[in-house]
Amino acid sequence: MRVKWSYLGAVGTLSLFSFTWLVRQETTLTLDTAKSKAILTADPVDLLVAVHSIDKNSCTNNTIMPKGWCLDADRVPRYVDGGKPPSFIRHYNHKGYEKCLAGKTLVFIGDSRVRYQFMHLASYLVSKRFMRCQDLHSLNNKSGLLPDPECYLIDHENHQRMSGKDWNSWYQKSTAMLESCGDDNTQQQESLCDCYRPNPFQPQQTFENRFIKQATPNGEVNLVYLQNFENLIRIDADFPPFSSYFPSSSSKRCTVGECGPGNRNNEFQGNLTATLEEVLPLLNTTHAFVNLGWSHLFGLTAQSEFSCVIPEFERHHPDMKVNLISHVPNQGYKGKSTPYNFSYAKEMKCASGVIDRYGAAENVPTNWYWDNQHVLGILNEEYNHQLVEKICPLQN
């Protein structure tokens, strides 16, 4: 029997907000098949948005910053997309993230590079700060500083690949790190992990599905990550959406790091298309960011073909917005041929929403990655700004 995963804040009356002159749009939302139309109402801009002054000298000195990037007044890199350097750039702060995401369920489906962006976002929501890792310390000639503890969520072995036997320990520790009682128990964040990895690694015997639930003053935020290496997603029967988030005393839910063969019952097993159709509605998804899996198996051509699935899905599910999320390019990416000529969206066969992670990574220093494929804090922060601003557009 399949049980719909109901969220306290995702069902019922949803209050909408606006960011005064930054956001002026009329939004139509579908809630339980009933459409409600609302004009975003006002909120003080300075409470939701951080304004970063740009050091324009850094923008034109490629020995300091790669093309398309500038330093702000706090010497934090900011992506300006290769255009004329602005005097300042705006991004949502923590309150802005919370207010934008309240009442929504974001589902991430993909490989480890999607996982780490998810972990970075979940970490920001619970810690209220963007993690500062070795990429930023090296940039500011402070390589002797230790990275923030949260960097363990995206760089678990300090630039080294984790041995097979350590993965289940990482699942346990990272799940605990993404939990919090919050301030006066009003901003509690819960974290579940349907996780297990064998040693040696075998992709078809490896499972990692994460479920984050955060209570905020504006409503509940739900984040979900579903592992997808080889266009195959599996979800255990004792985890959402097939079981209550908070299990009964009779639940047989496996312990984090022990959800392997012989200790799980896959209620769902299917490819990405089946996951969209069968799982996303049960999760009460509002926004999904998906790709087919490992880039060496599902390159640009496969992603382009899949782009045609999305408009048809959205036509039948107008209350959900699905975006293809590109792979993060490998370390040392120099662009398809000449700088800034590659647009992930334009490479898609059909018009669909996309999160393009290529442009920001072009020509960045190698130490912004912790290995050949995985980026550290600077790029993950930029990727999550782009993602949240895709949901709640912000005018700069």
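Because the structure is a prediction, the values reported are computed rather than measured.
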Residue pair Arg210 / Leu192, side-chain heavy-atom distance below 4.5 Å
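They are not in contact (no side-chain heavy atoms under 4.5 Å apart), so the answer is no.
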When you compare the side chain of Gln227 with that of Ile233, does any pair of heavy atoms fall below 4.5 Å?
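Heavy-atom side-chain distance check fails, nothing below 4.5 Å.
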Would you confirm whether the ring centroid of Tyr116 sits within less than 6.0 angstrom of the ring centroid of His374?
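Yes, ring centres under 6.0 Å apart.
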Does any N or O in the side chain of [X] come within less than 3.5 Å of the main-chain N or O of [Y], such that one atom is a donor and the other an acceptor?
X: Ser127; Y: Ser123; answer: yes
X: Glu230; Y: Pro203; answer: no
X: Thr206; Y: Gln202; answer: yes
X: Asp236; Y: Arg264; answer: no
X: Ser304; Y: Thr301; answer: no
X: Tyr245; Y: Glu190; answer: yes
X: Asn291; Y: Gly110; answer: no
X: Asn93; Y: Lys95; answer: yes
X: Thr255; Y: Glu258; answer: no

Trp294 ring centre to Arg115 NZ or CZ under 6.0 Å, with the angle to the axis within 45°?
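Output no; distance or angle outside limits.
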Looking at Phe313, is Arg315 sitting on its ring face, NZ or CZ under 6.0 Å from the six-membered ring centre and within 45 degrees of the normal?
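Because its charged atom misses either the 6.0 Å distance or the 45° angle limit, Arg315 does not stack over Phe313.
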Given Asp55 and Asp72, is the side-chain contact (heavy atoms from CB on, under 4.5 Å) satisfied, shown in steps?
CA-CA 5 Å; Asp55 174 6; Asp72 69 13; over 6 Å; no
Kindly work out whether a path of hydrophobic side-chain contacts (I/L/V/M/F/W/Y, heavy atoms less than 4.5 Å apart) joins [X] to [Y].
X: Met162; Y: Tyr171; answer: yes
X: Leu145; Y: Val76; answer: no
X: Ile212; Y: Tyr225; answer: yes
X: Met320; Y: Phe306; answer: yes
X: Leu280; Y: Leu232; answer: no

Measuring from atom [atom1] of [X] to atom [atom2] of [Y], what distance do you get when rounded to the nearest 0.5 angstrom?
X: Ser112; Y: Ile154; atom1: OG; atom2: CD1; result: 12.0 Å
X: Ser243; Y: Ile235; atom1: OG; atom2: CD1; result: 12.0 Å
X: Leu283; Y: Asn222; atom1: CG; atom2: CG; result: 9.0 Å

Is there a disulfide between Cys259 and Cys195 in this structure (defined here as SG atoms under 2.5 Å apart)?
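Answer is no, sulfur atoms not closer than 2.5 Å.
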How about Asp371 and Tyr369: does a side-chain donor come under 3.5 Å of a side-chain acceptor?
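Checked: Asp371/Tyr369 side chains show no N/O donor-acceptor pair below 3.5 Å.
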Between the side chains of Asp166 and Ser169, does any donor sit under 3.5 Å from an acceptor?
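Side-chain D/A pair, Asp166 to Ser169: absent.
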By salt bridge (Lys or Arg N to Asp or Glu O under 4.0 Å) - contacts of [X] (at least two apart):
X: Glu150; result: Arg129
X: Arg234; result: none
X: Glu305; result: Lys349

Ionic contact status for Arg197 with Glu208, cut-off 4.0 Å:
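Looking at Glu208 and Arg197, the cut-off is not met.
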With sequence neighbours excluded, tell me which residues meet ring-ring contact (aromatic ring centres under 6.0 Å, His included) with Phe108.
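Once residues adjacent in sequence are excluded, the partners of Phe108 under the ring-ring contact (aromatic ring centres under 6.0 Å, His included) criterion are Phe118, Phe289.
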By side chain to side chain contact (heavy atoms under 4.5 Å, CB included), which residues pair with Cys151, not counting sequence neighbours?
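If we apply the side chain to side chain contact (heavy atoms under 4.5 Å, CB included) test to Cys151, skipping adjacent residues, the hits are Met131, Cys133, Pro147, Asp148.
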Can you name the side chain to side chain contact (heavy atoms under 4.5 Å, CB included) partners of Phe130, sequence neighbours left out?
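Expected list: Tyr97, His120, Tyr124, Arg132, Glu381, His385.
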